[in-house]
Amino acid sequence: MAASGHNATGRGKTVPEILGLAFGAIYLLVGIVGFFVTGFDDFFAHNTEEKLLGIFEINGMHNVVHILIGIAGLVLSRTLSGARTYGWLLAVGYGAAFIYGLLAIGKDWDFLSINGADNVLHIATAIVGLVIALLPVRNAVDNRR
């Protein structure tokens, strides 16, 4: 039914579900493409200077995190309650990643190879997570009977 624009309950997809699926697909793609930049060696290198889109510093572990976040979005966002859960996962997880990035940039223990551009993207993703988690959804009445 997903191909018809309906969720698991048979109703049309809500905005949180669509956002969750979209961000899940984007993060999965970013994680996969990231391996074309970093390869598969030295997963926890810091200050790699390997950048996605020329600005976002990444390493192998950073790519794995993106892939896991992407898969979670695709799996959870099939229902409204799952999309809300994914929204909270993004909000809390990327809020924590933002704080980690503030502390870790330039440090030898930065196992995700974070830079300033990553931090901006992480806080933006946390905000999107809040939108997914909290956006009101109207319950439409089906008049097709």
Side-chain angles (χ1 to χ4, degrees), residues 1-140:
M1 285 196 161
S4 67
H6 290 78
N7 70 5
T9 63
R11 63 170 168 67
K13 293 214 173 290
T14 63
V15 173
E17 289 168 315
I18 293 167
L19 285 173
L21 288 168
F23 271 78
I26 289 167
Y27 270 104
L28 178 60
L29 182 63
V30 164
I32 292 168
V33 170
F35 278 115
F36 288 99
V37 175
T38 64
F40 291 92
D41 58 338
D42 208 2
F43 259 56
F44 298 99
H46 66 61
N47 202 18
T48 63
E49 295 302 321
E50 294 175 329
K51 296 182 178 169
L52 191 62
L53 301 176
I55 57 173
F56 302 107
E57 191 166 339
I58 55 174
N59 64 13
M61 191 60 208
H62 206 143
N63 295 332
V64 169
V65 170
H66 287 155
I67 288 170
L68 293 175
I69 290 293
I71 290 170
L74 294 176
V75 170
L76 289 171
S77 295
R78 293 180 298 141
T79 64
L80 179 58
S81 64
R84 300 270 194 222
T85 299
Y86 182 61
W88 285 114
L89 175 69
L90 291 178
V92 172
Y94 277 100
F98 173 73
I99 293 168
Y100 168 85
L102 291 177
L103 301 172
I105 291 177
K107 302 289 195 268
D108 290 341
W109 49 266
D110 178 13
F111 66 92
L112 292 175
S113 196
I114 303 269
N115 68 3
D118 290 316
N119 272 347
V120 171
L121 186 61
H122 293 162
I123 196 64
T125 300
I127 292 167
V128 168
L130 285 175
V131 169
I132 292 170
L134 300 173
L135 187 70
V137 175
R138 287 185 358 172
N139 292 326

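What's counted below: heavy atoms across the whole structure, side chains too, no hydrogens, waters or symmetry copies.
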**Request:** Side-chain contact test, heavy atoms from C-beta onward, threshold under 4.5 Å: evaluate it for Asp42 versus Asn59 and give yes or no.
**Result:** no

**Complete:** Between the CZ atom in Phe98 and the CG atom in Leu121, the distance rounded to the nearest 0.5 Å is 12.0 Å

**Request:** Verify side-chain contact (heavy atoms from CB on, under 4.5 Å) between Leu52 and His66, making sure each step is shown before the conclusion.
**Result:** CA-CA 12 Å; Leu52 191 62; His66 287 155; 5.7 Å; no

**Asked** Side-chain contact, heavy-atom cut-off 4.5 Å: Ile132 with Val128?
**Response** yes

**Min side-chain heavy-atom separation Val64-Met61 under 4.5 Å** = yes

**Request:** Kindly indicate whether the side chain of Arg84, heavy atoms from C-beta on, has any atom under 4.5 Å from the side chain of Leu135.
**Result:** yes

**Message:** With a 4.5 Å cut-off on side-chain heavy atoms, are His62 and Thr48 touching?
**Reply:** no

**Asked** Considering only heavy atoms from C-beta outward, does the side chain of Tyr86 approach that of Ile69 to under 4.5 Å?
**Response** yes

**Item:** Sub-4.5 Å side-chain heavy-atom contact between Trp88 and Leu130
**Value:** yes

**Message:** As a quick check of understanding, evaluate side-chain contact (heavy atoms from CB on, under 4.5 Å) for Glu57 and Asp118, giving each step before the final call.
**Reply:** CA-CA 7 Å; Glu57 191 166 339; Asp118 290 316; 4.0 Å; yes

**Asked** Within a strict 4.5 Å, meaning less than it, do heavy atoms of the Leu102 and Asn119 side chains meet?
**Response** yes

**Message:** Between Tyr94 and Phe23 (judged by ring centroids, cut-off 6.0 Å), do the two rings come close enough to count as a pair?
**Reply:** no

